[in-house]
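Input: a single structure, listed below in structure tokens.
Note that these values count all heavy atoms, side chains included, but never hydrogens, waters or copies made by symmetry.
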Amino acid sequence: MQNYYEKNEIDDSYSLFEQEIQAAIKTEKEVEDLLLLVTLNDTVSDYLEAEDLATRMAQRNRVSQLFGSLTKTDSGVCAIVFYDESGTLVGMLGEKFFQVEDKSFLINGDTYSNVLASNEDTYFHVENRVFSKAKGSFYSIGSVALLYNTHKLQEIVDVLSIRQDSFSAVVDKNGDFIVSSGIYKEEYADAIKGNIDGFRDDVVYIDTLPNSGWKLVNIIPESSFEVFPIEIRFVNQITYFIVAAVVALMFVVVFRQALKGEREVLELEYEKKRTEMIAYKGQINPHFMYNTLESIRGMALYKEEPEIAKLTGSLSKLFRYNVKGDELVTIAEVAKNLREYARIIDYRFMGKIKIIVNVSEEINDILIPKMLIQPILENAVIHGLESKVEGGTAVADFSRNCSNNSICITITDDGSGMNEEQLEAVKNIIHNGRYRQTGIHEAGTKIGIANVCRRITLFYGDRATISVTSAEGKGTCFSLLLPPDVED
């Protein structure tokens, strides 16, 4: 069992490392692409070719606009710096500044400096020469540099350090840490330099990034893979003891054994619920997808396409909400997410379908399970409103039921509705989703009404209700009554 567990865990950790390597390479490419755009920009060449300070000051507004566009395109950009052909600083804009005296990396054809540190954060410097053309040939007129913070790299190493006692870092060519996460030990220094002979038991992953020459390092101690097998051995020992006790005492203390058996059934049911909730939530955080959407939004703003930027921003927020955070969220957060979904639907159907979200202010801070309402709204759009030529409206109302202090949520649409046979089928789905004792895998990966009902049962037991009414040609209404708190 130990060997089987370790093999699977090592395979998973390697897959995660490969995924984060690709995220780091993508970050590098984004930096390189943006630096190339800046290097080829006429504003940059005009600024460097200015013959005196007065001419440069006259071009300050254009340079400021360029810098504003850069920060919108990539939030990691902190400053833009200009050097003349002799390497003398002639101008800069931004919140931070580091004077890079050693420009030997440019001579070697590199664009990346080593790590630059302040009291509160770390940065790196990318620089390229700027060329101008005269009389049919190109000649250097200086260089332009971008100063980046290391937040995206920090996200990557944080993901790699989720395992107990592990350590991860991005290391520059001098061997200095650009970012790091986890528990560092002095003996890791040899492994980071490439000497892994003394690390036969620990897992060490090292790969070099193609453009910067930096290394992404992930070190996982062998002890990190032993936690689960120890728990298994402990559970086995407890199980053997229980079996032995049952055999020895079954003819003597029948009543006490009956109570013990009942307790074990309750513990098993609790573990089953806990496992199901973890399975609903469990997923690798695909932060690179969120970063990609933010990049698209930035480029849309840069290209002066505000509508595309708004739509991409809504999709980015919706994506981040669904893959991050706790199982329980406030009603205010749910409403905010539904309004982002409504904006996407409004764009998608060109205003034909509207979604309205109403929330009583007094219940904004009440916690409810994530992803209860959005799947029902999606059903309303797809099955109720999309087929109507004239479109329609879906309304999600959140209020408090004064009679019993419960939370009342209704999702109503004026769509095509259902006939009696279709309505009965949906009621059966609701019943089966709430009360069948089967695994969650039956529903596949699609989060539908059945899974919504099952999640209600997991969090509230029998204290919550869900019902549906519909009339063909008039619309459908789902009603949820939830207690003001979930089960412990």
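Here the rule is salt bridge (Lys or Arg N to Asp or Glu O under 4.0 Å) with K354, and of D414, D413, D346 only D346 fits it.
Judged purely by distance below 3.5 Å, without hydrogens or angles, the side chains of E378 and Q374 pair a donor atom with an acceptor atom.
F17 is listed as a side-chain neighbour of D207, based on a closest heavy-atom distance under 4.5 Å. Using a 4.5 Å cut-off on side-chain heavy atoms (C-beta onward), T476 and H383 make no contact. T457 has its side chain within reach of R454: a pair of non-hydrogen atoms, C-beta onward, lies under 4.5 Å apart. Side-chain contact between Y148 and V77 is present, with heavy atoms from C-beta onward closer than 4.5 Å. Residues D158 and V179 fail the side-chain proximity criterion, which asks for heavy atoms closer than 4.5 Å. Looking only at side-chain heavy atoms (C-beta outward), L153 and V157 stay at 4.5 Å or farther from each other. Side-chain contact check for Y460 versus I368: some heavy-atom pair is nearer than 4.5 Å. Here the side chains of S181 and L160 are not in contact, with every heavy-atom distance at 4.5 Å or above.
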Take N337 and I373, measure what side-chain contact (heavy atoms from CB on, under 4.5 Å) needs, and give me the verdict at the end. CA-CA 10 Å; N337 181 64; I373 311 305; over 6 Å; no
Chi angles and distances behind the side-chain contact (heavy atoms from CB on, under 4.5 Å) call for V452, I456: CA-CA 6 Å; V452 169; I456 289 175; 4.2 Å; yes
Determine, stepwise, if the pair Y205 / V217 fulfils side-chain contact (heavy atoms from CB on, under 4.5 Å). CA-CA 6 Å; Y205 300 123; V217 179; over 6 Å; no
Go through E340 and K336 one step at a time and tell me if the salt bridge (charged side-chain N to carboxylate O under 4.0 Å, His left out) criterion holds. CA-CA 7 Å; E340 297 296 344; K336 181 179 179 181; over 6 Å; no
Would E424 and K427 satisfy salt bridge (charged side-chain N to carboxylate O under 4.0 Å, His left out), going step by step from the backbone distance to the final call? CA-CA 5 Å; E424 191 62 31; K427 289 180 178 179; 5.0 Å; no
Show your working on side-chain contact (heavy atoms from CB on, under 4.5 Å) between H151 and D121 and close with a plain yes or no. CA-CA 9 Å; H151 295 171; D121 213 340; 3.0 Å; yes
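The shortest non-hydrogen separation linking T330 to N364 is CB-O, 3.4 Å. Smallest separation of non-hydrogen atoms from S212 and L209: OG-CB, 3.8 Å. Closest approach of K215 to T208, counting heavy atoms only: CG-OG1, 4.0 Å. Taking both residues in full, the closest heavy atoms of I156 and A23 are given as CD1-C, 3.8 Å, listed atom of the first, atom of the second, then distance. Counting all heavy atoms, side chain and backbone alike, Y112 lies closest to E32 at CE1-OE2, 2.9 Å. Across all their heavy atoms, D172 and W214 have their closest contact at CA-CD1, 3.4 Å.
Expressed to the nearest 0.5 Å, how far CG of L146 lies from CG of L35 amounts to 5.5 Å. With rounding to the nearest 0.5 angstrom, the CD1 atom of I366 is 11.5 Å from the CG atom of L328. Once rounded to the nearest 0.5 Å, the distance linking CD1 of I192 with OG of S180 reads 9.0 Å. One distance of note links CG of N419 with OG of S470; it measures 8.5 Å at 0.5 Å rounding. How far CZ of F459 is from NZ of K370: 10.5 Å, rounded to the nearest 0.5 Å. Here the CD1 atom belonging to I206 is positioned 9.5 Å from the CG atom belonging to L216, to the nearest 0.5 angstrom.
Within the structure, salt bridge (Lys or Arg N to Asp or Glu O under 4.0 Å) pairs that include any residue of residues 382-392 comprise K388-E390 (at least two apart or interchain).
In this view, F67 satisfies the ring pair (Phe, Tyr, Trp, His ring centres under 6.0 Å) rule with no residue, not counting sequence neighbours. Not a single ring pair (Phe, Tyr, Trp, His ring centres under 6.0 Å) links F349 to another residue, sequence neighbours left out. Scored by the ring pair (Phe, Tyr, Trp, His ring centres under 6.0 Å) test, F478 finds no partners at all (sequence neighbours excluded). Among residues two or more places apart in sequence or in another chain, the side chain to side chain donor-acceptor pair (under 3.5 Å) test is passed with T150 by T122.
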For residues 355-363, dump all side-chain donor-acceptor pairs below 3.5 Å to protein atoms at least two apart in sequence or in another chain.
unit_1: N358; atom_1: ND2; unit_2: D397; atom_2: OD1; d: 2.9
unit_1: S360; atom_1: OG; unit_2: F398; atom_2: O; d: 3.4

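Although no hydrogens or angles enter the test, the distance criterion places a donor-acceptor pair under 3.5 Å between the side chain of N432 and the main chain of N428.
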